[in-house]
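Accompanying notes for the structure given below.
Order of listing sets the numbers, starting from 1, for every ligand and every atom in it.
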Amino acid sequence: MLVLGIETSCDETAAALVTEDGNVVSDSVHSQIKLHAPYGGVVPELASRDHLRNVRPVIREVFSKAGIAPSAIDGIAVTCRPGLTGALLVGVQAAKGLAFALEKPLVGVDHLVGHLLAVFLKFPGAPEVPPAEYPFVALLASGGHTALYRVTGPQLEQVTELGATRDDAAGECFDKVGKLLGLGYPGGPLIDKLAKDGNPDAIELPWPMRRKGSLEFSFSGLKSNMLRWVTEHGLPGDDQTLRDVCAAFQRRVVDTLIFKTLEAAREQDVRTIVLAGGVAANRELRERSAAQAAVHGIRVVVPPFKACTDNASMIAYAGIQRLARGENDAHALVTSPHTSLPQSTKKGRGKRES
Ligand code: KG4
Ligand code: ZN
């Protein structure tokens, strides 16, 4: 089976051709980072307009790079939720038009399920690694979501949420702190780079909700602590202090993510952890999680770097799982700003029922 994937949920316009076993035949990502950078975050109206400009070129590109005719595909998968409505509509309308013209089945994909399955993608020339084995615990940490899941198979109904953030997502926290430190947008990769040569112990910062017994996260307190630090000390005056601040902040986020993920794996009695979402591209998270899990005999499987951030290959692969069951949303496909994954974590502060 060869499937065209289309992704336009946020600030990347992407298309990809992927086979049933996860081989990426060709993929193309047009990033809007430069467009949104002056605003320090994604501007929805600008995102929709830029998707409109680029959705046809990225689709054309994946076919021409692969030397494959559109009529050769077996189906189309498109992100239909969660995301910015105007942005999602561009991809969904393009997919509907193509499906109608080519007379192919069309399925909608939940963006978060795409991220969870990105670990199964194989890019040409990439080293062969043994695939992740079900059941696994997945940490999905991106700009919009941070949650732990138990995943027993590739279908939506095989994913259970174990705990999520009560407030900010980990990636959002990276981006807001990046903005606070005057680094630009998105903060995640910039902080990651600076933290590499910083001393995480040089700056005292509290740990965000690292107590045992809860798989929920909270990152808004850490963001406030960073603001307090800058108010007290001023912006880092020299390069080494900036690196140290980044290293200390990143250590708090990364160690909290790892601590909770390991606790979830132990609680669920699984031997495999999967990292997913843009924050899974973080060097320290990848390295320290693998080392700490190995001590407990747990394997950490990470997607290739370019499959961590938004892409259409993961959407195609998640769509294949539905198409293979003979599903077809065709023209009934609608968009939603919300995920279809079950959510158990209540947003906001306050007492939780046990
Ligand atoms: O998955 P993604 O591309 O988009 C969403 O679905 O949100 O994730 C983007 C997020 C941004 O917040 C970005 O700062 C973060 O992932 N990110 C990183 C790194 N690369 C991307 N965070 C920390 N370290 C990185 N290397
Ligand atoms: Zn994403």
Side-chain angles (χ1 to χ4, degrees), residues 5-14 16 27 29-33 36-37 40-42 44 47 51 78-84 87-88 91 109-119 121 138-147 164-165 168-181 183-196 198 217 219 222-223 246-247 249-258 274-289 302-315 317-318 337-339 341:
I6 300 172
E7 155 67 39
T8 63
S9 67
C10 190
D11 58 349
E12 257 95 34
T13 319
D27 82 327
V29 180
H30 171 85
S31 170
Q32 301 180 353
I33 281 179
H36 301 293
V42 178
H51 285 308
V78 62
T79 306
C80 63
R81 61 198 305 165
L84 304 167
L88 287 166
V109 168
D110 190 297
H111 182 82
L112 304 190
V113 176
H115 273 305
L116 291 175
L117 301 183
V119 74
L121 294 173
L139 167 70
L140 199 172
S142 70
H145 297 86
T146 293
T165 181
D168 290 359
E172 184 182 357
C173 189
F174 266 104
D175 296 340
K176 286 178 177 165
V177 169
K179 193 171 174 180
L180 173 71
L181 296 173
L183 299 178
Y185 173 83
L190 301 165
I191 290 176
D192 190 3
K193 217 166 151 192
L194 288 162
K196 196 157 85 51
F217 301 91
F219 290 107
L222 180 60
K223 184 186 63 187
C246 288
F249 162 75
Q250 180 168 286
R251 179 61 59 88
R252 298 302 183 274
V253 177
V254 162
D255 273 5
T256 303
L257 292 173
I258 297 173
V274 162
L275 302 184
V279 181
N282 185 272
R283 176 196 49 86
E284 191 175 354
L285 177 62
R286 291 164 86 100
E287 287 170 7
R288 285 173 70 84
S289 61
V302 289
F305 271 108
K306 61 177 173 180
C308 290
T309 44
D310 288 351
N311 65 88
S313 295
M314 66 184 194
I315 303 305
Y317 185 74
H338 307 294
T339 179
L341 287 176

Inset, instruction - Could you list the atoms of ligand 1 found under 4.0 angstrom from a heavy atom of Gly171? - result: 12 (O)
Inset, instruction - Check whether any N, O or S atom of His145, backbone or side chain, sits closer than 2.8 Å to the Zn ion (ligand 2). - result: no
Inset, instruction - Give a yes/no answer: is there an N/O/S atom of Cys10 under 2.8 Å from the Zn ion (ligand 2)? - result: no
Inset, instruction - Any atoms of ligand 1 less than 4.0 Å from a non-hydrogen atom of His115? List them with their elements. - result: 1 (O), 6 (O)
Inset, instruction - Would you check whether Asp192 has a nitrogen or oxygen atom less than 3.5 angstrom from a nitrogen or oxygen atom of ligand 1? - result: yes
Legend entry - Protein heavy-atom partner closest to atom 7 (O) of ligand 1 - residue, atom, separation in Å: Gly143 N, 2.8 Å
Inset, instruction - Please name the atom of Asp310, restricted to N, O or S, that is closest to the Zn ion (ligand 2). - result: OD1
Legend entry - Close N or O approach (Pro186, ligand 1; < 3.5 Å): no
Inset, instruction - Please say which of Asn311, Thr13, Thr79 ends up in a side-chain hydrogen bond (donor to acceptor under 3.5 Å, both in side chains) with Glu7. - result: Thr79
Legend entry - Short N or O distance, Gly187 and ligand 1, threshold 3.5 Å exclusive: no
Legend entry - Polar proximity ligand 1 side, Gly277 side, N/O cut 3.5 Å exclusive: no
Inset, instruction - Using a 4.0 Å heavy-atom threshold (strictly under), name the region of His111 that reaches ligand 1: side chain, backbone, both or neither. - result: side chain
Inset, instruction - Could you find the nearest protein heavy atom to atom 24 (N) of ligand 1 and give me its residue, atom name and distance? - result: Asn282 ND2, 3.0 Å
Inset, instruction - Just need the protein heavy atom nearest to atom 14 (O) of ligand 1, so name the residue and atom and give the distance. - result: Asp175 OD1, 2.6 Å
Inset, instruction - Would you please test His51 and Asp11 for side-chain hydrogen bond (donor to acceptor under 3.5 Å, both in side chains) and show each step? - result: CA-CA 8 Å; His51 285 308; Asp11 58 349; over 6 Å; no
Inset, instruction - Considering heavy atoms of the protein only, find what lies nearest to atom 17 (N) of ligand 1 and give residue, atom and distance to 0.1 Å. - result: Gly278 O, 3.5 Å
Inset, instruction - Measure the distance from atom 3 (O) of ligand 1 to every protein heavy atom, then report the residue, atom name and distance (to 0.1 Å) of the closest one. - result: Asp310 N, 3.0 Å
Inset, instruction - Could you tell me whether Arg283 approaches ligand 1 through its side chain, its backbone, both or neither, with non-hydrogen atoms closer than 4.0 Å? - result: neither
Legend entry - Pro189 to ligand 1, any heavy atom closer than 4.0 Å: yes
Inset, instruction - Please write down residue, atom name and distance for the protein heavy atom closest to atom 22 (N) of ligand 1. - result: Gly188 CA, 3.4 Å
